[in-house]
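To start, the structure under review is shown below, and the notes come after it.
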Amino acid sequence: MQTTLPTIDILVATTSGNTEYLADQLSDQLQQQGFTTRLHYEPIYADLVEAIDEQSYWLACIASHGAGEYADSMLDFATDLHAKNPPLDPLRYAVIAVGDSCYDTYCSAGRDFDHKLTKLGAKRLIERLEIDMSVDDPEKKASTWLTIFTRQL
Ligand SMILES: Cc1cc2nc3c(=O)[nH]c(=O)nc-3n(C[C@H](O)[C@H](O)[C@H](O)COP(=O)(O)O)c2cc1C
């Protein structure tokens with residue numbers, strides 16, 4: 001049985017800052033529950049992927065931009081991940097996909113990230129949350145989802 005709460009790496013894909021704000025709120029909520037968090041506003045592939053071990057937990061907050069592309073701050077990371085296809089076996093993770101349902105490519109980047117991590121062997125802790133910026137209250141919806149997420153840790 002695990003006695004200490006795990007450290008959670010929060011990966012942020014943002015272009016205009018909404019997802020960064022959301023990630024900050026979630027980080028605060030996690031810290032209030034006693035978790036240690038590390039926020040990655042521009043996730044570095046080498047720092048994160050090459051450091052994966054049995055204690056690795058990722059919470060990925062991914063906004064879609066362009067035509068379903070990753071938001072700017074994670075474009076390089078996503079490119080590397082798709083090019084290198086590293087085995088991610090010990091990693092445990094969850095994804096919050098941020099988007100707007102007025103786009104045909106609704107939440108495409110977050111969906112892609114979720115599928116890619118699973119395909120590479122990482123373990124999904126909880127079903128992906130999708131936030132529709134045109135209808136949802138992002139902080140409220142994510143906060144409720146986070147309480148379920150933390151029960152998996
Ligand atoms: C130019 C542009 C393109 C977008 N493309 C998509 C898209 O393909 N799919 C989607 O679900 N949302 C799309 N969105 C909506 C964004 O995901 C949404 O505005 C989100 O809040 C942006 O998060 P950010 O501020 O963290 O970058 C787009 C928004 C803009 C401004």
Side-chain angles (χ1 to χ4, degrees), residues 6-33 35-52 56-86 88 91-120 122-153:
T7 296
I8 301 162
D9 287 297
I10 304 176
L11 287 66
V12 183
T14 186
T15 295
S16 48
N18 294 334
T19 309
E20 180 178 333
Y21 179 78
L22 178 66
D24 285 344
Q25 304 298 310
L26 296 176
S27 177
D28 288 349
Q29 189 176 330
L30 286 166
Q31 287 180 15
Q32 281 161 17
Q33 292 178 47
F35 293 95
T36 302
T37 60
R38 290 187 291 236
L39 278 156
H40 303 267
Y41 297 120
E42 289 190 39
I44 308 291
Y45 179 89
D47 292 352
L48 280 156
V49 174
E50 290 165 21
I52 287 173
S56 295
Y57 293 83
W58 290 2
L59 172 57
C61 304
I62 313 273
S64 297
H65 271 266
E69 296 299 315
Y70 285 76
D72 289 354
S73 69
M74 262 186 82
L75 269 174
D76 289 348
F77 187 101
T79 301
D80 280 348
L81 191 70
H82 282 82
K84 296 177 181 171
N85 290 306
L88 299 178
L91 175 65
R92 281 162 279 188
Y93 78 95
V95 171
I96 298 177
V98 176
D100 189 321
S101 58
C102 74
Y103 292 88
D104 291 342
T105 48
Y106 176 58
C107 284
S108 290
R111 291 176 182 176
D112 176 78
F113 198 68
D114 192 5
H115 294 144
K116 190 68 184 170
L117 294 196
T118 295
K119 204 170 169 190
L120 293 174
K123 180 173 183 259
R124 184 192 296 117
L125 289 168
I126 175 177
E127 284 304 306
R128 177 182 65 248
L129 175 68
E130 296 190 347
I131 294 180
D132 182 350
M133 294 303 275
S134 64
V135 293
D136 292 328
D137 175 335
E139 283 74 44
K140 195 172 169 192
K141 194 169 177 183
S143 174
T144 303
W145 176 91
L146 197 73
T147 59
I148 305 166
F149 168 70
T150 53
R151 283 188 215 132
Q152 314 303 316
L153 298 170

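Because the structure is predicted, anything quoted here is derived from the model rather than measured. Read the numbers this way: they start at 1 and go in the same order the structure lists the ligands and their atoms.
Partner of Tyr93 under the side-chain contact (heavy atoms from CB on, under 4.5 Å) criterion, chosen from Leu88, Asp9, Thr118: Thr118. Here the rule is side-chain contact (heavy atoms from CB on, under 4.5 Å) with Met74, and of Ile62, Thr79, Thr19 only Ile62 fits it.
Contact annotation: the side chain of Thr37 never approaches that of Leu26 to less than 4.5 Å [non-hydrogen atoms, C-beta and beyond].
Those atoms of ligand 1 that come under 4.0 Å of a heavy atom in Thr14, given as number and element, are 24 (P), 25 (O), 26 (O), 27 (O). Listed by number with element, the atoms of ligand 1 under 4.0 angstrom from any heavy atom of Gly99 are 10 (C), 11 (O), 12 (N), 17 (O). Short contacts between ligand 1 and Thr105, defined as distances under 4.0 Å to a heavy atom of the residue, involve ligand atoms 7 (C), 8 (O), 9 (N), 10 (C), 11 (O). Residue contact check: Ser16 has heavy atoms under 4.0 Å from atoms 24 (P), 25 (O), 27 (O) of ligand 1.
Here's the thing with Ser108: none of its N/O atoms is less than 3.5 angstrom from an N/O atom of ligand 1. Ligand 1 has no N or O atom lying under 3.5 Å from any N or O atom of Ala67, backbone or side chain.
The line from OG of Ser56 to CG of Leu91 is 6.0 Å long, rounded to the nearest 0.5 Å. Gln152 CD to Ile148 CD1: the interatomic distance, rounded to the nearest 0.5 Å, is 8.5 Å. Distance CD1/Ile8 to CD/Gln33: 8.5 Å, rounded to 0.5 Å.
When Tyr21, Tyr106, Tyr103 are checked for heavy-atom proximity to atom 29 (C) of ligand 1, Tyr103 turns out nearest. The closest non-hydrogen atom to atom 10 (C) of ligand 1, taken over Asp100, Ile62, Asp132, comes from Asp100. Taking all heavy atoms of Glu69, Met133, His65, Glu130 into account, the minimum distance to atom 22 (C) of ligand 1 is reached by His65. Of the candidates Thr15, Val98, Asn18, Thr15 brings a heavy atom nearest to atom 27 (O) of ligand 1.
No more than 12 heavy atoms of other residues, nucleotides or ligands lie within 6.0 Å of CG in Asp104, so this atom counts as exposed by the packing criterion. Heavy-atom neighbours of Lys84 NZ from other residues, nucleotides or ligands within 6.0 Å: above the threshold of 12.
At least one heavy atom of Gly68 sits under 4.0 Å from some atom of ligand 1. Contact analysis puts Gly66 in contact with ligand 1, with a non-hydrogen atom separation below 4.0 angstrom.
With hydrogens left out, the protein atom closest to atom 11 (O) of ligand 1 is Cys107 N, 2.8 Å, a heavy atom. Remark: minimum distance from atom 16 (C) of ligand 1 to any protein heavy atom is reached at Ser64 O, 3.4 Å.
The aromatic rings of Phe77 and Phe113 lie tilted to each other, with the angle between the two planes from 30° to 60°.
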